[in-house]
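What follows is a short report on a single structure.
Just so we're clear, the structure is a prediction, and the values are computed from it rather than from any experiment.
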Amino acid sequence: MKNLQYIISYFGLIPYIYLLIDKYLFLNIEEEILYNFILYYTLIISVFIGSINWNFQKKVPNHLIIYGFIPTVYSLFLIILNLYSYNIKILFLLSIILLISQLFFDFILIFANLKNKKVFYFLRLPLTILISLILIILVF
């Protein structure tokens with residue numbers, strides 16, 4: 001089951017890779033649509049990462065519940081700024097900061113006390129780095 005979760009997680013890179021290829025080779029998608037899609041897709045991933053640590057079957061510490069909710073508030077803030085046509089480069093920079101901050105705090109709050117950090121090193125870390133690099137290439 002874990003292998004399927006890894007595979008599905010890495011499939012999440014497909015939209016990024018497709019849009020990266022389109023931006024530099026095919027030029028089929030309007031730049032504004034491409035940027036909006038990537039921004040919203042990244043925010044969806046961020047919110048998903050924030051909520052993935054919630055387990056409704058057991059009692060989760062309050063600080064982890066609040067921590068898991070922060071990306072939702074942050075994402076809402078970025079969506080509002082985007083709807084008001086805020087500078088897209090700054091929004092992408094803020095979304096990269098969100099992803100990297102999540103990675104850092106996930107390690108401290110969730111993975112630091114686990115003996116098996118395989119999920120962190122083979123899933124969270126590489127995916128966050130790849131997504132951040134693709135965002136940088138797409139916008140800057």
Looking at every heavy atom in both [X] and [Y], which two are closest together, and how far apart are they?
{"X": "Leu99", "Y": "Thr128", "answer": "O-CG2, 3.7 Å"}
{"X": "Ile29", "Y": "Ile33", "answer": "CG2-CG2, 4.0 Å"}
{"X": "Val139", "Y": "Lys23", "answer": "N-NZ, 4.4 Å"}
{"X": "Tyr10", "Y": "Phe122", "answer": "OH-O, 2.6 Å"}
{"X": "Phe120", "Y": "Pro126", "answer": "O-CD, 4.0 Å"}
{"X": "Ile137", "Y": "Tyr24", "answer": "O-OH, 2.7 Å"}

For residues [X] and [Y]: do they belong to one hydrophobic cluster (side chain heavy atoms under 4.5 Å, members Ile, Leu, Val, Met, Phe, Trp, Tyr)?
{"X": "Val47", "Y": "Ile96", "answer": "no"}
{"X": "Ile97", "Y": "Ile44", "answer": "no"}
{"X": "Leu19", "Y": "Leu27", "answer": "no"}

Give a yes or no on whether the ring-centroid distance for Tyr41 and Phe37 is below 6.0 angstrom.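 Yes - the distance between ring centres of Tyr41 and Phe37 falls below the 6.0 Å cut-off.
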Keeping [X] on the side-chain end and [Y] on the backbone end, is there a donor-acceptor pair under 3.5 Å?
{"X": "Ser132", "Y": "Ile129", "value": "no"}
{"X": "Asn82", "Y": "Leu78", "value": "no"}
{"X": "Tyr74", "Y": "Leu94", "value": "yes"}

Working to the nearest 0.5 angstrom, can you tell me the gap between [X] [atom1] and [Y] [atom2]?
{"X": "Tyr121", "Y": "Asn116", "atom1": "OH", "atom2": "CG", "answer": "11.0 Å"}
{"X": "Asn113", "Y": "Ile108", "atom1": "CG", "atom2": "CD1", "answer": "11.0 Å"}
{"X": "Lys89", "Y": "Leu138", "atom1": "NZ", "atom2": "CG", "answer": "12.0 Å"}
{"X": "Leu25", "Y": "Ile21", "atom1": "CG", "atom2": "CD1", "answer": "7.0 Å"}
{"X": "Leu20", "Y": "Leu34", "atom1": "CG", "atom2": "CG", "answer": "9.0 Å"}
{"X": "Phe48", "Y": "Ser9", "atom1": "CZ", "atom2": "OG", "answer": "7.0 Å"}

Residue set satisfying side chain to side chain contact (heavy atoms under 4.5 Å, CB included) with Phe77, at least two apart, ordered chain then number -> Leu81
Suppose we screen for side chain to side chain contact (heavy atoms under 4.5 Å, CB included). Which residues come up paired with Ile79, at least two apart in sequence or across chains? Tyr40, Leu43, Leu83
I'd like to know whether Leu76 forms a side chain to side chain contact (heavy atoms under 4.5 Å, CB included) with Thr72, so could you lay out the CA-CA distance, the side-chain angles of the two residues, the decisive distance to 0.1 Å, and finally the verdict. CA-CA 6 Å; Leu76 178 63; Thr72 302; 5.7 Å; no
Could you walk me through whether Tyr84 and Ile80 pass the side chain to side chain contact (heavy atoms under 4.5 Å, CB included) check? CA-CA 6 Å; Tyr84 279 103; Ile80 291 169; 3.9 Å; yes
Do [X] and [Y] come within less than 4.5 Å of each other through their side chains, counting heavy atoms only?
{"X": "Leu114", "Y": "Val119", "answer": "no"}
{"X": "Glu32", "Y": "Ile88", "answer": "no"}
{"X": "Ile45", "Y": "Tyr16", "answer": "yes"}
{"X": "Ile70", "Y": "Phe105", "answer": "no"}
{"X": "Phe107", "Y": "Lys117", "answer": "yes"}
{"X": "Thr42", "Y": "Leu135", "answer": "yes"}

Using the side-chain hydrogen bond (donor to acceptor under 3.5 Å, both in side chains) rule, collect all pairs that involve residues 91-102, keeping only residues at least two apart or in two chains. Ser46-Gln102
Should the pair Phe92 and Tyr35 be assigned to parallel (<30°), tilted (30 to 60°) or perpendicular (>60°) ring geometry? perpendicular
Start with the C-alpha gap between Arg124 and Ile49, add the side-chain angles, then the distance that decides, and say whether side chain to side chain contact (heavy atoms under 4.5 Å, CB included) holds. CA-CA 9 Å; Arg124 280 290 281 122; Ile49 292 168; 3.7 Å; yes
